[in-house]
Protein chains: 2
Amino acid sequence: MVAGLVTDLYELNMAASYLRRGMSGPATFSLFVRALPPDRGFLVAAGLEDCLTALESFAFETEDLDWLRDAGFDDATVRGFAGLRFTGDVRAVPEGRVVLADEPLLEVTAPAAEAQLVETVLLNHITYQTAIATKAARCRLSAGDMELVDFAFRRTHGIEAGMAVARLSSIAGFAATSNVEAARRYGLPAAGTMAHSYVEAFPREIDAFRAFVEDLPGPVTFLVDTYDTLLGVRAAVRVIQDMTLDRPLAVRLDSGDLVALARETRQILDEAGLRKVRVFVSGGLDEYDLERFILERAPIDAAGVGTRVGVSADAPSLDSAYKLVAFGDRPVCKLSPGKATLPGAKQVWRHFPIEQDVLALREEAGPDGFEPVLVEVMRNGRRLGSEGTIAAARERCVRDVTALPPDVRRIRGPSSPRVRVSEGLAALATRTARSAARRQDLTW
Amino acid sequence: MVAGLVTDLYELNMAASYLRRGMSGPATFSLFVRALPPDRGFLVAAGLEDCLTALESFAFETEDLDWLRDAGFDDATVRGFAGLRFTGDVRAVPEGRVVLADEPLLEVTAPAAEAQLVETVLLNHITYQTAIATKAARCRLSAGDMELVDFAFRRTHGIEAGMAVARLSSIAGFAATSNVEAARRYGLPAAGTMAHSYVEAFPREIDAFRAFVEDLPGPVTFLVDTYDTLLGVRAAVRVIQDMTLDRPLAVRLDSGDLVALARETRQILDEAGLRKVRVFVSGGLDEYDLERFILERAPIDAAGVGTRVGVSADAPSLDSAYKLVAFGDRPVCKLSPGKATLPGAKQVWRHFPIEQDVLALREEAGPDGFEPVLVEVMRNGRRLGSEGTIAAARERCVRDVTALPPDVRRIRGPSSPRVRVSEGLAALATRTARSAARRQDLTW
């Protein structure tokens, strides 16, 4: 992927103008979500790792510069782009932490052209990854003791998204992924069973079950719903008993009334003395189904959760924004109806349990007993430390999510903790809005 | 991207078993969508190009094989994987054509292990790209003479998806994209205006407008809603008149009541004698908004359509499936409740206008006056011809979509053309289901 042109044309236009005018005074942009989607009381921050990688490698290649020249950018501008790297500072919410509406997920301070050019990539990674991490965390929240496995890869929006979903669902507490390349890349447990095609490729279902056990050494999950599900369970029982298997075993239900079938399946297994054989379900599931399984006390041990998490089906995007909050020493805001912004570089202060965050100016002191949520992650274009491991992000996710009040953690119609605007920020917002209104005086 | 492990673990498990048993007899898999999402009367086929690229490059690298060995696959299996390439045949619906529920988008015939291993990647590309191409086509259908520009890149699910969305929206008839890398890669017109940050970076709005005109040679679209929208329009008018601009000009409305603001804006521009200055709108739009603009006769010339198309917001995935329909000479089907499949390799026959397609066995002759929809695109692992240009796909899309009856093209509550199952296919389905039911006989 060539970094320099991986942006929107208007970023290049604006950057060209800033370079031409020497408007290099540092600009601070704040990336935040204006409003939470329906049924979301909180978000789980994600996408930062990919943002930092993109910022570190940001540059225009020769072929990018050729394209820009052909597209009409003048020589001085193209020369300006040629030397451009990202040299700014970044503060951000570490991946896995809870974030609320209006709270910055990330703030960039850099020369205006640089800060502008990276807008598209930063919004892209943070928006979809935060949406998906949130959906996965909601699944984990609603699933009780059930083990969850990421089955999303076949219906994510591309291969890159599939890798991200495996990583994000691991941050949210999923136990494994079906995505083998992601398992290798991120060191995650890989999990997989068999498809209906495998069962159909053999003369009888039971032949397929036997062949699978003979050919593969590891755990076995028998897919039992290719024909009649309960007959399939009996075929699995027969194979398990005939072959005296001593490895982790499960049967997988992928269609029909999963709660009823799980009960009947559990009964068949128990009557055969196979109490340790687990019941695994799949098929278009998300947090609403998982919650129902728990409420109905279905004897389900594990679930493959795929498509709906992998695209965050009920909230596939977020109302994210990357807004200029200061230019040089001057705080700025826009006044667009429904899209007005708060000026100034900010910090979020949090205490536990998370009943009310405080959104303050960066230089303000936090209230007693509150901890700052944004941390410095990049200085002068260089990444600081490493907050980047999946395990660390998972710990942060567990810590924050378990600190949310029960009505915030609710899957349906949750409330959201209040985000209180500090006195300093409120005063600056009033002053800045007043001066913004004067910026349209044509007679000035 | 390393191809061999870009799959689900169960594909590797099944492939290992097929290789071990010498079950190389050709398997035919059919990729189709079981049911159309709400408010969809048709789909626009897409994703084939990426599928063919993936199939051509399919192979296990040394590091893939190392991972497989570490994961417990035995030496013979790993050696089997080492030599594996995709050597099969593919027939598919060319990109841009209309497809309906149950109609194969793609059929693979290959040695069982190969056909199985590529399932995940084929489903991935076809599913999301078809969902997005369909959403974009619906926007184009509902937008009358309005010009549409792809603004999705900042909120697609990753960079790869952003590139795909630019390409797919061009197939659907969008005029340009904001995504610069996609514009270069696919030879598309790039379009862009300015952001609110640019306006805020200057002392006054009008200073920003003047600077942009001075610094950039091409068309100018003034973003007028940073502060008060109609005052912004007057600032743009002042700049256009003072600087006697002779290039394509527009003002862009990005917030508020777009229909009312477009009317007031048009009036201000017309009263200033600026009839050629266009009104451009943006801000969370999709086909439902575009249809409303047309119905309310809003004086809107062009729209930036982004997030909701880029994630196909109301249908971010499709109920797609990749199902075994024949193994060797034997047609197969599954009987799972709600997910039963039709056996055998198929062809779709279509006549114009598209009131009823016929779904038949591949070897059956089509009805008089009908044309076949699936074409051979790959033989023995080699791509045939090139159906791959965006322009050709756009022509196919226009031809099919304009041939749909009005009630199918409706944005809300459309009907869908009937897909009639041929006599040959119906008879085979009955026979195969009957024999499938016998595949669970444990006493056999």
Side-chain angles (χ1 to χ4, degrees), chain A residues 1 5-10 13-14 17 20 67 72 120 123-124 127-128 153-155 157-161 178 180-181 184 190 192-194 196-198 200-201 204-205 211 215-218 225-227 231 255-256 307 311 313 316-317 324 327 332 334-339 436 439-440 444, chain B residues 1 5-10 13-14 17 20 67 72 120 123-124 127-128 153-155 157-161 178 180-181 184 190 192-194 196-198 200-201 204-206 211 215-218 225-227 231 255-256 307 311 313 316-317 324 327 332 334-339 436 439-440:
Chain A
M1 188 57 56
L5 298 191
V6 177
T7 191
D8 287 308
L9 182 62
Y10 83 165
N13 287 340
M14 293 185 279
S17 179
R20 190 167 186 267
W67 187 92
T120 307
L123 273 172
N124 184 301
T127 304
Y128 90 96
F153 192 18
R154 60 190 48 205
R155 295 202 194 85
H157 287 190
I159 306 304
E160 173 194 354
S178 68
V180 185
E181 173 62 17
R184 180 180 66 162
T193 61
M194 61 184 71
H196 300 102
S197 56
Y198 186 79
E200 293 166 323
R204 294 182 307 166
E205 182 181 52
D215 292 353
L216 291 147
D225 76 327
T226 304
Y227 309 114
L231 288 180
S255 56
T307 303
V311 299
S317 71
L324 185 67
F327 194 86
V332 302
K334 59 183 261 201
L335 306 174
S336 322
K339 294 183 178 178
R439 295 182 183 282
Q440 291 190 293
W444 216 28
Chain B
M1 188 56 58
L5 298 191
V6 177
T7 191
D8 288 308
L9 182 62
Y10 83 166
N13 288 340
M14 292 185 279
S17 179
R20 188 167 187 267
W67 188 91
T120 306
L123 272 172
N124 184 302
T127 303
Y128 89 96
F153 191 19
R154 61 190 48 206
R155 294 201 195 86
H157 288 190
I159 307 303
E160 174 194 354
S178 67
V180 185
E181 173 63 16
R184 180 180 66 161
T193 62
M194 63 184 70
H196 300 101
S197 56
Y198 186 80
E200 293 166 322
R204 295 181 307 167
E205 182 182 52
I206 198 167
D215 292 350
L216 292 147
D225 76 326
T226 304
Y227 308 115
L231 287 180
S255 56
T307 303
V311 299
S317 72
L324 185 67
F327 194 86
V332 303
K334 58 183 260 202
L335 305 174
S336 322
K339 295 182 176 178
R439 296 184 182 282
Q440 291 190 291

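Keep in mind that this is a model prediction, so the values were computed, not measured. Quick note on labels: first sequence line is chain A, next is B, and so on, each numbered from 1.
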Pick one of side chain, backbone, both or neither for B/Leu216, based on which atoms fall under 4.5 Å of a heavy atom in chain A. side chain
Region of B/Thr193 that comes under 4.5 Å of a non-hydrogen atom in chain A: both
Smallest separation among heavy atoms of A/Val311 and A/Arg155, with atom names: CG1-O, 3.3 Å
Distance from B/Arg20 atom CZ to A/Asp215 atom CG, nearest 0.5 Å? 4.5 Å
If you count heavy-atom pairs under 4.5 Å with chain A, which of B/Ile206, B/Asn13, B/Thr307 comes out on top? B/Asn13
Contacting region of B/Ser178 [heavy-atom separation from chain A under 4.5 Å]: both
Does any N or O in the side chain of B/Asn124 come within less than 3.5 Å of the main-chain N or O of A/Phe153, such that one atom is a donor and the other an acceptor? yes
Examine whether an atom of A/Phe327 lies under 4.5 Å from a heavy atom of chain B, and if so say whether it belongs to the side chain, the backbone or both; otherwise answer neither. side chain
Bottom line for A/Thr120: the part with an atom under 4.5 Å from chain B's heavy atoms is both
With distance as the sole test, does A/Glu200 use its side chain to make a donor-acceptor pair with the main-chain N or O of B/Val332 at under 3.5 Å? no
For each of B/Ala436, B/Ser17, B/Ala161, tally heavy-atom pairs with chain A at distances under 4.5 Å, and name the one with the top tally. B/Ser17
Between A/Pro316 and chain B, which part of the residue has a heavy atom less than 4.5 Å away: side chain, backbone, both or neither? both
Working to the nearest 0.5 angstrom, can you tell me the gap between B/Ser317 OG and A/His157 NE2? 7.0 Å
Under 3.5 Å donor-acceptor, B/Glu160 side chain and A/Gly158 backbone: no
